Amino acid sequence: MTFEWQPELDTLDIVPEKFRGLYAQGESKEGEAAKFLLDGDVAKRMDTSTLANTLKKERDGAKTLKALVAAFEKVAKTPDEAEKLVGDLRGQLAEALKAKDSAGAAAWEKQRTDLETTHTKALEAKDTELSGMRKALHAHMVNSQLTAELSALGASPVDVLLAWAAPNVRVVEEAGEFLVRVVDAQGEPRDSKPGSPMTIREYVAELKKDPRFARLFVSSGTSGGGMPPGGSPGGIPGGGPLTPLQRLSKGLSERK
């Protein structure tokens, strides 16, 4: 019976007499008998793990190579055949490039151009739609907040002052939110104090203190819409509707 080397044994009974000297008894552990350990140098010489790993790599490489060969044979059976096939393809490609100005190439170029034109028009239409929606949203936010604050502070007529104040208020986007901000003549946001943007209420209060517009605000305890008796909103008897600036000038003159 052939003896199979083992790194450690419980007993040397199975070890041929001539090899028993290669085993030495190790230290015993609590509750366990000491084992016989194979000499370290001999164990290293008999360790076949490296050889097994090398053999596995070779087998895996051979398997991969076999798969590549099978894939190659689907295209060509021999290297010469593959080289000829590549040469033919190169020739066909060269002919296709030469025929760039042919009817087929022209048709492809037209199709490509039509696709690009259609795509560009669709993007432009979408941009126009989004721009219109954004302008409408901005106008609504500006006008609604200005109207509310003008009314709260007694402006009359509101639409006259609204026409004057709206160009000085814009909607800005900050951190993904649309906010109404008062801006200066250069379009820069105004602050009521350092680091604190001016509110619409503060802006309307500023207009109320301005001598040019003070007459268009109804003082506390006074009623009336700022329109002379018998007058018609937005126009004059026998005339057409006034522009916002004309109405502003008319309102100021009537309050002198």
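Keep in mind the model is a prediction, meaning the values are calculated, not measured.
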Minimum heavy-atom separation for E173 and G176, please, with both atom names. OE2-CA, 4.0 Å

Atom CG in N168, atom OH in Y203: separation rounded to 0.5 Å? 3.5 Å

So which atom in L153 and which in F217 form the shortest heavy-atom distance, rounded to 0.1 Å? O-CD2, 3.3 Å

Side chain T147, main chain N143, donor-acceptor under 3.5 Å: yes

Nearest heavy-atom pair of F36 and Y23: which atoms, and what distance? O-CD2, 3.8 Å

Which pair of non-hydrogen atoms, one from V183 and one from V169, has the smallest distance, and what is that distance? CG2-N, 4.4 Å

For the residue pair R170 and G187, what are the closest heavy atoms and their distance? NH1-CA, 3.6 Å

Are K110 and D114 within salt-bridge range, i.e. N to O under 4.0 Å? yes

Does E177 CD have over 12 foreign heavy atoms under 6.0 Å away? no

Are E206 and R190 ion-paired here, with the side-chain N under 4.0 Å from a carboxylate O? yes

Could you tell me the separation between the CG atom of L207 and the CG atom of L216, rounded to the nearest 0.5 Å? 10.0 Å

Residue set satisfying side-chain hydrogen bond (donor to acceptor under 3.5 Å, both in side chains) with E17, at least two apart, ordered chain then number -> R20

A quick test of your reading: do over 12 heavy atoms of other residues, nucleotides or ligands sit less than 6.0 Å from CZ of R112? yes

With sequence neighbours left out, write down each residue that passes side-chain hydrogen bond (donor to acceptor under 3.5 Å, both in side chains) with D191, or none if nothing qualifies. none

side-chain hydrogen bond (donor to acceptor under 3.5 Å, both in side chains) filter on D184, not counting sequence neighbours, yields none

Reported CG-to-CZ distance for the pair L146 and R201, which is rounded to 0.5 angstrom: 12.0 Å

Side-chain heavy atoms of M141 within contact of L137, under 4.5 Å: yes

